[in-house]
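Notes follow once the structure below has been shown.
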There are 2 protein chains.
Amino acid sequence: MVTIRDVAKAAGVSVATVSRVLNETGYVHEDTRNTVNEMIKQLNYSPNEVARSLYTKKSRLIGLLLPDITNPFFPLLARGVEDEMRLHDYRLIFGNTDEDAEKEQDYIQTFQQNNVIGLISMTNTLSKKVYQDLSIPVVFLDRTSSGYPSVFADGKEGGKLAAMEMVKRGSKRITLIKGPGHLQTAVDRFQGALEVLSTSDINFYVMSTTSFSFKDAETWAKDLFEKYPDTDGVIASNDIVATAVIHEALRIGKKIPEEVQVIGFDDVPHSSLLFPPLSTIRQPAYEMGKEAAQLLIKLMKNEKLQKKNIQLPVTFINRDTTRKVDEHV
Amino acid sequence: MVTIRDVAKAAGVSVATVSRVLNETGYVHEDTRNTVNEMIKQLNYSPNEVARSLYTKKSRLIGLLLPDITNPFFPLLARGVEDEMRLHDYRLIFGNTDEDAEKEQDYIQTFQQNNVIGLISMTNTLSKKVYQDLSIPVVFLDRTSSGYPSVFADGKEGGKLAAMEMVKRGSKRITLIKGPGHLQTAVDRFQGALEVLSTSDINFYVMSTTSFSFKDAETWAKDLFEKYPDTDGVIASNDIVATAVIHEALRIGKKIPEEVQVIGFDDVPHSSLLFPPLSTIRQPAYEMGKEAAQLLIKLMKNEKLQKKNIQLPVTFINRDTTRKVDEHV
DNA sequence: TTGTAAGCGTTATCAC
DNA sequence: GTGATAACGCTTACAA
């Protein structure tokens, strides 16, 4: 391993000088800078981040917490975070928490032990206190925790959009699937849709669910069509659930979108690959990840923020599980 | 921040003693051990990994390199790696390389700078030399690099299986899609299928492709049915490509599986959600991740290995893009 | 403009 | 059994 001493020796200067050119701090004569840089290149030296970190109590590492990388929504967010962080030379340590408080706690401890300088969390099972005790900035992504900076999509507007589009396209007996009550995003989209439906003269049925898992969703979808066989429009809590609904509808011989329309939420990558391709409310996941990274970077630099909470707009993606309508009406 | 000194002071001992109980190295009287542990708990002390790492030149960090976390196959592998690593108290730093040598190099440098103690790579764009210069063990996952330990699925057998199943189910004019030539896994599955087809009395058509991207695959699928309109069976290079084939077939009005059978490769999570649900050759991705982690751990402990290359079996998943057949025949 | 040296929080080698 | 203390590779006062 080549150290700063080796470079110093080779360049005929002291380690302090090498350090100065490395960090561009303090004066150093151009000639010496040149020879030092020359030696750095020649010896293929790159500074030991660990030694650096020990002294400065900082690092270039960011912690990333997410529920499950295997769930297709999160890789998009994670990728956004990573790409933005890479632009600024930060690197990520990540952990899947499975919404399990112990895992979350464990990873947070690791982050601290490694002098991680910032945390982006897509999960918040732990009490707020844990995050308060952290001495590093935290940004919540696709989640909120009161008082903390966060980046999320406009779920309420998304819910409204879904309901409006469904009504506009002629569904009269709508089923509204309510996602897990402990997830603010799920509640928001539910509230938005509820608001629109309850002020319309449409009949609707609310079905409460407790997870986003496909397995569970299959059961609920079955239930749905049994309890409410004449429903002609389903607003699902997300794309996974919507997929299960589509499967069940097709299975029992309902035509989509002629007899039942379906709208999902998220626009995960495979939504367009389904049959029929799923109409959905798109969250700009990759951009959300980038925004969260940018927000965290500002926080780490102690920059003043205009807003601590960034809400990104959602859009209706009109594919084939909703009927066509004359947009000029 | 509470340090080892604070604990030492509180327990009325020296830092050396605290270090000894921490690392369970050397003698320490049971009574003192108890008070030290007591103080550790009371002060909520946890050792600074950075300081540790500086001295020992080790860490508890593992580097994970993958092409793109957004591609549905990789999260499965990554999750397997993570879960196994977590069991052994290792944590992951990860990077998406996009098969880009510069990014790969960058991340590797970061890993070194942070005293990462092992590397699992699902990409190998770089010349072998780069990996040779590393002083840490490397395991390739879903990839191979001659001379390096690796974990991968039995692609050749998979290709054979796909071809055999397709023939058994009555396709007579098969199209075999050959994946990117620079990926050994793609080549293996192609060779396997080729071997079976060429020793059968089936007509077949080989179509060469250069990526696994859905966008590209859409074009190839179109081509396929134009150039070979009477094909009645497609062996795709992976599930993404298979999905594009299904879409195109459906679009031009071919019945699946009655007129065209399709078999994919990988069994990514959404394969079962497609319509029709995709028949495919399943790679045990999660298990592969776990195996890779276990292999790396052995390497890091300098344990002798029975085999450096672990090949996991693949299985045919018979869903609805292939016809039923009497299994007792 | 440059060098000396202290210090970051550990571990491990010696003495005792 | 335990305690001083050097060392890990770096940054940053402070001196020169």
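FYI, side chains are in, hydrogens and waters are out, and symmetry mates aren't considered; it's all heavy atoms of this structure. Only a predicted model underlies this, so the values are computations on that prediction, with no experimental measurement involved. Naming: A, B, ... by sequence-line order, numbering from 1 per chain.
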Produce a footprint string for nucleotides 8-16 of chain D: one letter per nucleotide, 5' end first; B if the base is under 4.0 Å from any protein heavy atom, S if only the sugar-phosphate is, - if neither. BBSBBB---

Whole-Å gap separating [atom2] ([N]) and [atom1] ([X]):
{"X": "B:Y27", "N": "C:dC14", "atom1": "OH", "atom2": "C1'", "value": "16 Å"}
{"X": "B:E24", "N": "C:dT10", "atom1": "CD", "atom2": "P", "value": "17 Å"}
{"X": "B:R60", "N": "C:dT10", "atom1": "CZ", "atom2": "P", "value": "16 Å"}
{"X": "B:K58", "N": "D:dA7", "atom1": "NZ", "atom2": "P", "value": "21 Å"}

Sub-4.5 Å side-chain heavy-atom contact between B:F111 and B:L61: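 Of all side-chain heavy-atom pairs linking B:L61 with B:F111, none is under 4.5 Å.
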
Please check this pair: side chain of A:D98 against backbone of A:D100, looking for a donor-acceptor N/O pair closer than 3.5 Å.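 Checked: no pair found.
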
I'd like to know if the side chain of A:R143 reaches the main chain of A:S121, judged simply by a donor and an acceptor atom lying under 3.5 Å from each other, with no hydrogens or angles considered.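 Flag not set: sc A:R143 to bb A:S121 has no pair under 3.5 Å.
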
In terms of relative ring orientation, are B:Y90 and B:H88 parallel, tilted or perpendicular, with 30° and 60° separating the classes?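 B:Y90 vs B:H88 ring planes: parallel.
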
With a 4.0 Å cut-off on N to O distance, would you call A:K290 and A:E84 a salt bridge?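 Salt bridge flag = yes for A:E84 with A:K290.
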
Counting any heavy atom closer than 4.0 Å, what does B:T32 reach on the DNA or RNA strands: base, sugar-phosphate only, or nothing?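 Here B:T32 touches the backbone only, sparing every base.
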
Using side chain to side chain contact (heavy atoms under 4.5 Å, CB included) as the criterion, point out the one residue from A:V151, A:I310, A:L295 that pairs with A:L141.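 Per the side chain to side chain contact (heavy atoms under 4.5 Å, CB included) rule, the option paired with A:L141 is A:V151, out of A:V151, A:I310, A:L295.
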
Under 6.0 Å from the NZ atom of A:K103, do we count more than 12 heavy atoms belonging to anything else shown?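 Counting other residues, nucleotides and ligands, NZ of A:K103 exceeds 12 neighbours.
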
Considering residues, nucleotides and ligands other than A:Q132, do more than 12 of their heavy atoms fall under 6.0 Å from its CD?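 Yes - once you tally the heavy atoms of other residues, nucleotides and ligands closer than 6.0 Å, there are more than 12.
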
Could you give the angle between the helix axes at the two ends of the helix from C:dT1-D:dA16 to C:dC16-D:dG1, with five pairs per end, rounded to 10 degrees?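 Taking five pairs per end, the axes differ by 40°.
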
